[in-house]
2 protein chains.
Amino acid sequence: MTLPLLDPETRLQGDDHEALRLWLRLFTCTTMVERTIDQVLKRDFGSSLARFDVLAQLDRAPDGLRMGELSAGTLTTNGNVTWLVAALEAEGHVRRRTAPDDRRATIVRLTAAGRRHFATMARQHEALIIELLDGLSATERRTMHSLLGTVKQHLRLERTA
Amino acid sequence: MTLPLLDPETRLQGDDHEALRLWLRLFTCTTMVERTIDQVLKRDFGSSLARFDVLAQLDRAPDGLRMGELSAGTLTTNGNVTWLVAALEAEGHVRRRTAPDDRRATIVRLTAAGRRHFATMARQHEALIIELLDGLSATERRTMHSLLGTVKQHLRLERTA
DNA sequence: GCAGAATGCTTGAAGTTTCAAGTAACGAGC
DNA sequence: GCTCGTTACTTGAAACTTCAAGCATTCTGC
């Protein structure tokens with residue numbers, strides 16, 4: 001798990017607004033975690049975070065999901081979900097069929113093999129995240145979770161404004 | 001600035017470890033901010049967050065930086081920095097030349113035009129970030145900054161371990 | 001029911017990022 | 001001063017992502 005040395009924060013100067021510093025640190029931490037996870041998923045399962053994300057959603061939906069629901073849930077575009085699902089289908093993790101009530105829509109669901117595959121990945125994924133975020137105490141994690149909740153809500157408002 | 005509806009968090013179930021919830025929320029917030037910034041930079045300047053990052057580093061280094069220093073500072077790979085710098089050079093924002101003391105190394109520095117271009121972007125970039133993180137009070141931002149500092153330090157340890 | 005708008009998804013092209021392999025230059029030890 | 005290992009960067013292929021355009025289907029108001 002050898003990553004390049006990453007620290008964009010070092011380039012900040014004294015007069016920068018503190019919001020900028022916060023953002024840079026947020027970005028750095030998230031990216032470091034994201035890459036680590038992505039690398040481990042690639043190395044151990046030949047998968048990726050984007051794929052994992054799709055599978056994770058499907059795992060929660062026994063009746064499957066429409067493409068639109070999938071792309072709403074992942075932080076990615078419509079076209080990309082089409083691409084990801086096509087790849088996952090080619091690998092046998094997922095199956096697509098036309099929705100019975102709306103022939104424009106496609107329903108995607110996990111195959112049995114896909115479900116098993118996801119379960120294995122999920123275990124390791126969770127262990128890794130717990131390890132990576134272990135620098136914070138449980139209380140600190142709660143605080144952070146709550147602060148991020150505020151941020152998220154504000155971002156949602158900004159977007160519609 | 002119309003973004004798709006994004007909320008991967010909704011798929012969490014009750015029994016998930018809270019570290020997982022924290023990570024998901026961290027990821028969501030960061031991605032939302034990242035996309036917003038990237039879109040604004042693209043729309044208003046035909047640029048991108050990755051380019052901005054490179055320019056920001058060079059702006060702090062009057063004597064220029066080596067390619068390696070650049071890729072260490074941005075959260076991206078060596079090869080990508082080559083690509084980004086080549087594009088920036090083609091646009092006249094940046095100039096490359098061989099290091100006098102080590103002919104393997106390349107030194108990149110901003111042109112006068114590049115510096116002006118960056119200054120304009122930086123102003124808008126900062127204003128946008130202040131707006132996006134405005135959901136938190138100054139105290140909360142400080143708390144978050146400090147918590148993320150702990151996370152970052154832990155991640156750095158994890159990586160070398 | 002029918003025209004036109006809206007919706008759900010796919011497609012293809014272009015852009016971006018990574019990865020692995022390659023080239024050139026440096027440096028330590030003989 | 002040669003040789004081997006290392007370092008700095010570039011390159012080309014492949015993976016992935018986005019974007020805009022397109023197609024089929026459904027919905028709405030007449």
Side-chain angles (χ1 to χ4, degrees), chain A residues 1-6 31-32 34-43 45-54 64-91 94-108, chain B residues 1-6 31 34-43 45-54 64-91 94 96-108:
Chain A
M1 205 192 301
T2 334
L3 291 164
L5 286 168
L6 316 163
T31 307
M32 286 172 80
E34 190 182 349
R35 297 222 171 167
T36 305
I37 295 174
D38 198 54
Q39 284 188 357
V40 169
L41 289 178
K42 279 210 173 77
R43 189 192 60 194
F45 304 101
S47 196
S48 72
L49 188 52
R51 279 171 199 223
F52 180 82
D53 232 29
V54 169
L65 289 174
R66 295 162 141 225
M67 300 292 281
E69 295 175 312
L70 265 180
S71 62
T74 43
L75 291 161
T76 184
T77 56
N78 251 342
N80 198 23
V81 168
T82 298
W83 193 90
L84 285 168
V85 167
L88 286 169
E89 187 173 43
E91 292 164 17
V94 135
R95 208 173 11 141
R96 269 185 294 193
R97 58 190 176 71
T98 306
D101 55 327
D102 183 343
R103 280 185 306 173
R104 291 170 305 180
T106 307
I107 302 216
V108 191
Chain B
M1 207 191 303
T2 335
L3 293 162
L5 285 170
L6 317 163
T31 306
E34 191 182 349
R35 297 223 171 166
T36 305
I37 295 174
D38 199 54
Q39 284 189 357
V40 169
L41 289 178
K42 278 209 175 76
R43 190 192 59 193
F45 303 101
S47 198
S48 73
L49 187 51
R51 281 171 195 223
F52 181 81
D53 234 26
V54 170
L65 290 174
R66 291 154 78 122
M67 300 293 281
E69 295 175 312
L70 265 179
S71 65
T74 43
L75 291 160
T76 183
T77 57
N78 254 342
N80 197 23
V81 167
T82 299
W83 192 89
L84 284 168
V85 168
L88 286 170
E89 187 173 42
E91 293 165 15
V94 135
R96 268 185 295 193
R97 60 191 176 70
T98 307
D101 56 326
D102 183 344
R103 277 186 309 174
R104 291 172 305 180
T106 307
I107 302 219
V108 191

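Every chain is numbered from 1, with letters handed out A, B, ... down the list of sequences.
- The side chain of A:Arg96 contributes an N or O atom lying less than 4.0 Å from OP1 or OP2 of C:dT10.
- Atom P of nucleotide D:dC16 and atom CG of A:Asp53 are separated by 14 Å, given to the nearest angstrom.
- A:Arg103 contributes no side-chain N or O that forms a donor-acceptor pair with the base of D:dT25 under 3.5 Å.
- Rounded to whole angstrom, the span from the CD atom of B:Glu34 across to the P atom of D:dT17 amounts to 13 Å.
- With contacts defined as side-chain heavy-atom distances shorter than 4.5 Å, the pair A:Arg51/A:Lys42 does not qualify.
- A:Phe52 places its CZ atom 19 Å from the C1' atom of D:dC16, with the value rounded to the nearest Å.
- In terms of position on DNA chain D, the residue among B:Thr82 and A:Lys42 whose nearest nucleotide sits closer to the 5' end is B:Thr82.
- Within a 6.0 Å radius of CZ in B:Arg96, other residues, nucleotides and ligands contribute more than 12 heavy atoms.
- Residues B:Ser71 and B:Asn78 have side chains that bring a donor and an acceptor to within less than 3.5 angstrom of each other.
- With DNA chain C read from its 5' end, the first of the two nearest nucleotides for A:Asp38 and A:Asn80 is the one closest to A:Asn80.
- Side-chain contact between A:Leu70 and A:Val108: present, with at least one pair of heavy atoms (C-beta onward) separated by less than 4.5 Å.
- The residue A:Thr106 sits close only to the backbone: its heavy atoms come under 4.0 Å of sugar-phosphate atoms, none of a base.
- Nearest to the side chain of A:Ala105, among D:dC9, C:dG8, D:dC16, sits C:dG8.
- Taking atom CG of A:Leu49 as the reference point, atom C1' of D:dT17 lies 14 Å away to the nearest angstrom.
- Atom CH2 in A:Trp83 sits about 5 Å away from atom P in D:dC16, given to the nearest Å.
- Residues B:Asp101 and B:Gly79 each lie close to DNA chain C; by heavy-atom proximity, the contact nearer the 5' end of the strand is made by B:Gly79.
- Inspection of the B:Thr74 and B:Asp53 side chains reveals no N or O donor paired with an N or O acceptor under 3.5 Å.
- Contacts of A:Ala50 with the nucleic acid, taken as non-hydrogen atoms under 4.0 Å apart, involve only primed sugar atoms and P, OP1 or OP2.
- Distance, B:Gln39 CD to C:dG15 C1': 15 Å, rounded to whole Å.
- Among D:dC16, C:dC9, C:dT16, the nucleotide with an atom closest to any side-chain atom of A:Arg66 is C:dC9.
- A:Arg66 places none of its side-chain heavy atoms less than 4.5 Å from the side chain of A:Arg104.
- The side chain of A:Thr76 contributes an N or O atom lying less than 4.0 Å from OP1 or OP2 of D:dT18.
- The distance from atom CZ of B:Arg43 to atom C1' of D:dC19 is 16 Å, rounded to the nearest whole Å.
- Between A:Arg104 atom CZ and D:dC27 atom P there is a gap of 6 Å when expressed in whole angstrom units.
- A:Thr77 has no side-chain polar atom (N or O) that falls below the 4.0 Å cut-off from OP1 or OP2 of D:dT17.
- With C:dG8, D:dA8, C:dC19 as the choices, the nucleotide that has an atom nearest any side-chain atom of A:Asp102 turns out to be C:dG8.
- In this model, the phosphate group of D:dC9 is not approached by any side-chain N or O of B:Asn78 to a distance below 4.0 Å at OP1 or OP2.
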